[in-house]
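Values reported hereafter were calculated over all heavy atoms of this structure, with side chains retained and with hydrogens, waters and symmetry mates removed. For clarity, every value in this text was computed on a predicted model and none was experimentally measured. Every chain is numbered from 1 and lettered A, B, ... according to where its sequence line falls, protein lines coming before strand lines.
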Protein chains: 2
Amino acid sequence: MVVMIGSSEEFSERFCPRYQRAVEIVGRRWSGAILRAMLRGASRFGEIQEAIPDLSNRMLSERLRELEAEGIVERIVMPERPVRVEYHLTEKGRSLNEVVEALSRWSQDWIEVEVAVQDGKRSAAAG
Amino acid sequence: MVVMIGSSEEFSERFCPRYQRAVEIVGRRWSGAILRAMLRGASRFGEIQEAIPDLSNRMLSERLRELEAEGIVERIVMPERPVRVEYHLTEKGRSLNEVVEALSRWSQDWIEVEVAVQDGKRSAAAG
DNA sequence: TATACTTGGTTATATTAAGTAACTCAAGTC
DNA sequence: GACTTGAGTTACTTAATATAACCAAGTATA
């Protein structure tokens with residue numbers, strides 16, 4: 001079978017390796033939430049974790065390392081006691097703001113949050 | 001314990017249950033690629049699968065069912081032989097176009113595609 | 001009659017990713 | 001000497017994906 005590059009418009013229009021890679025980086029579990037927290041100012045490990053319920057330190061650690069490897073996040077160790085580590089978005093990371101904002105708007109328009117009040121815990125609703 | 005709505009600004013600014021749900025739906029593996037293919041006109045099972053290399057029919061089937069359950073996709077069975085099934089985006093689904101476009105632009109600006117030519121297979125590069 | 005081919009899937013099983021909990025390190029405090 | 005804090009790591013369990021084979025119903029081919 002002949003490999004068609006540039007001749008199968010249907011295919012090349014529908015599949016884009018750049019988009020695919022982007023969606024695999026940003027779409028990984030928790031990444032979207034981490035990016036949103038960081039775009040809103042969270043920069044320390046504990047701060048990011050605090051901002052995202054149910055995110056474990058194990059997962060946060062792993063995602064941050066991946067985002068660092070992708071050049072989206074920079075890790076800066078401040079030699080204080082106790083050690084202080086700051087995570088900052090690079091330009092590449094900051095430019096994801098448009099994606100996060102678009103998804104944010106969509107979620108405001110289309111997502112209904114279920115009000116799950118369970119005995120003294122947290123209630124989320126009424127936007 | 002008192003439930004704080006609107007009183008803990010730091011928390012409520014950084015965490016948004018709507019966004020969280022959105023990112024969990026759209027960010028699930030393959031969903032972003034499926035939505036992009038559908039936004040570009042793919043409507044049949046085989047068509048979507050053809051548009052996304054490495055996506056198995058098992059995963060496509062599962063994702064489509066989930067997207068249908070979320071009201072993002074509609075499944076229409078045409079009683080022909082062999083049976084013909086069409087998947088269409090609802091208004092909710094079509095409005096994800098802005099998210100997909102934002103991610104698409106970001107990927108064009110920031111993602112470098114590795115040219116992996118492996119012995120007669122496919123080569124993806126050179127935008 | 002038997003074989004293969006089509007679309008749109010399902011089932012079974014293996015592999016990988018994520019969740020949970022406990023632990024580390026180093027300095028500082030009670 | 002036990003306890004706290006920040007920023008993780010390690011070990012183990014469970015959930016999500018990958019891989020591959022299979023199915024149903026009708027059509028076509030040998």
Side-chain angles (χ1 to χ4, degrees), chain A residues 1 10-11 14-15 20-21 23-35 37-38 41-70 73-89 121, chain B residues 10-11 14-15 20-21 23-35 37-38 41-70 73-89 118 121:
Chain A
M1 183 225 170
E10 281 206 72
F11 181 82
R14 280 189 195 142
F15 183 72
Q20 191 60 30
R21 240 178 92 53
V23 95
E24 275 168 22
I25 296 163
V26 176
R28 198 159 284 162
R29 189 140 207 215
W30 301 114
S31 295
I34 292 167
L35 289 168
M38 293 186 73
S43 62
R44 298 187 56 186
F45 192 92
E47 226 175 351
I48 300 170
Q49 202 180 6
E50 207 185 322
I52 307 167
D54 299 340
L55 170 59
S56 69
N57 45 8
R58 185 192 159 314
M59 270 297 106
L60 177 53
S61 174
E62 195 169 316
R63 282 302 99 91
L64 284 172
R65 264 186 277 118
E66 288 165 6
L67 293 172
E68 198 191 351
E70 292 293 341
V73 159
E74 256 186 321
R75 183 178 188 269
I76 300 148
V77 184
M78 330 286 274
E80 298 173 14
R81 316 111 301 196
V83 69
R84 175 194 179 82
V85 181
E86 293 203 351
Y87 291 92
H88 291 283
L89 291 169
K121 277 261 171 118
Chain B
E10 281 207 70
F11 181 81
R14 281 189 193 139
F15 183 73
Q20 192 60 30
R21 238 178 94 53
V23 95
E24 275 169 21
I25 296 163
V26 175
R28 198 158 283 162
R29 187 138 210 218
W30 300 115
S31 294
I34 292 167
L35 288 169
M38 293 186 74
S43 63
R44 298 186 56 187
F45 192 92
E47 225 175 352
I48 301 169
Q49 202 180 6
E50 207 185 322
I52 307 167
D54 300 340
L55 169 59
S56 68
N57 47 6
R58 188 195 160 307
M59 269 297 105
L60 177 53
S61 173
E62 194 168 317
R63 281 303 98 92
L64 285 172
R65 265 187 275 117
E66 288 165 6
L67 293 172
E68 197 191 351
E70 292 293 341
V73 159
E74 257 185 321
R75 182 177 190 271
I76 300 146
V77 184
M78 330 285 275
E80 298 174 13
R81 316 113 298 202
V83 69
R84 176 192 179 82
V85 181
E86 293 203 349
Y87 292 92
H88 293 283
L89 292 168
Q118 35 167 214
K121 277 261 171 120

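For A/S56, the side chain to side chain donor-acceptor pair (under 3.5 Å) criterion is met by no residue, not counting sequence neighbours. Residues that satisfy the salt bridge (Lys or Arg N to Asp or Glu O under 4.0 Å) test with A/R65, not counting sequence neighbours, are absent from this structure. Residues meeting the side chain to side chain contact (heavy atoms under 4.5 Å, CB included) test with A/V23, sequence neighbours left out: A/Y19, A/Q20, B/L103. In this view, A/R44 satisfies the side chain to side chain donor-acceptor pair (under 3.5 Å) rule with no residue, not counting sequence neighbours. Listed by chain and number, the residues in a side chain to side chain donor-acceptor pair (under 3.5 Å) with B/E74 amount to none (sequence neighbours excluded). Looking at residues two or more places apart in sequence or on another chain, you find a side chain to side chain donor-acceptor pair (under 3.5 Å) between B/E70 and B/R21. Partners of A/R75 by side chain to side chain contact (heavy atoms under 4.5 Å, CB included), not counting sequence neighbours, listed by chain and number: A/E68, A/V77, A/V85, A/Y87. With sequence neighbours excluded, the residues satisfying side chain to side chain contact (heavy atoms under 4.5 Å, CB included) with A/R63 are A/R28, A/R29, A/W30, A/S31, A/I34, A/M59, A/E66.
Bracketed by its first and final contacts, the part of DNA chain D lying under 4.0 Å from non-hydrogen atoms of chain A reaches from D/dT5 to D/dA11 in 5' to 3' order.
As rounded to whole Å, 11 Å separates atom P of C/dT7 from atom CD of B/E47. What separates CD of B/Q49 from C1' of C/dG8 is a distance of 9 Å, to the nearest Å. One atom, CZ of B/R75, and another, P of C/dT7, lie 16 Å apart when rounded to the nearest Å. Nucleotide C/dG28 holds its P atom 12 Å from the CD atom of A/E80, rounded to whole Å. Between the P atom of C/dG9 and the CZ atom of B/R44 lies a distance of 11 Å, rounded to the nearest Å.
Where the helix from C/dT1-D/dA30 to C/dC30-D/dG1 starts and where it ends, the local axes point in directions that differ by 30°; five pairs per end, rounded to 10°.
Rounding to the nearest 0.5 Å gives a distance of 11.0 Å between CZ of B/R84 and CD1 of B/I76. With rounding to the nearest 0.5 angstrom, the CG atom of B/L89 is 6.5 Å from the CG atom of B/L35. A/E62 contributes atom CD, which lies 11.0 Å from atom CG of A/L67 (distance to the nearest 0.5 angstrom).
Proximity of B/Y87 to the phosphate of C/dT7: no side-chain N or O atom is located under 4.0 Å from OP1 or OP2.
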For every nucleotide of nucleotides 14-20 of chain C, 5' to 3': is a protein heavy atom under 4.0 Å from its base (B), only from its sugar-phosphate (S), or from neither (-)?
----BBB
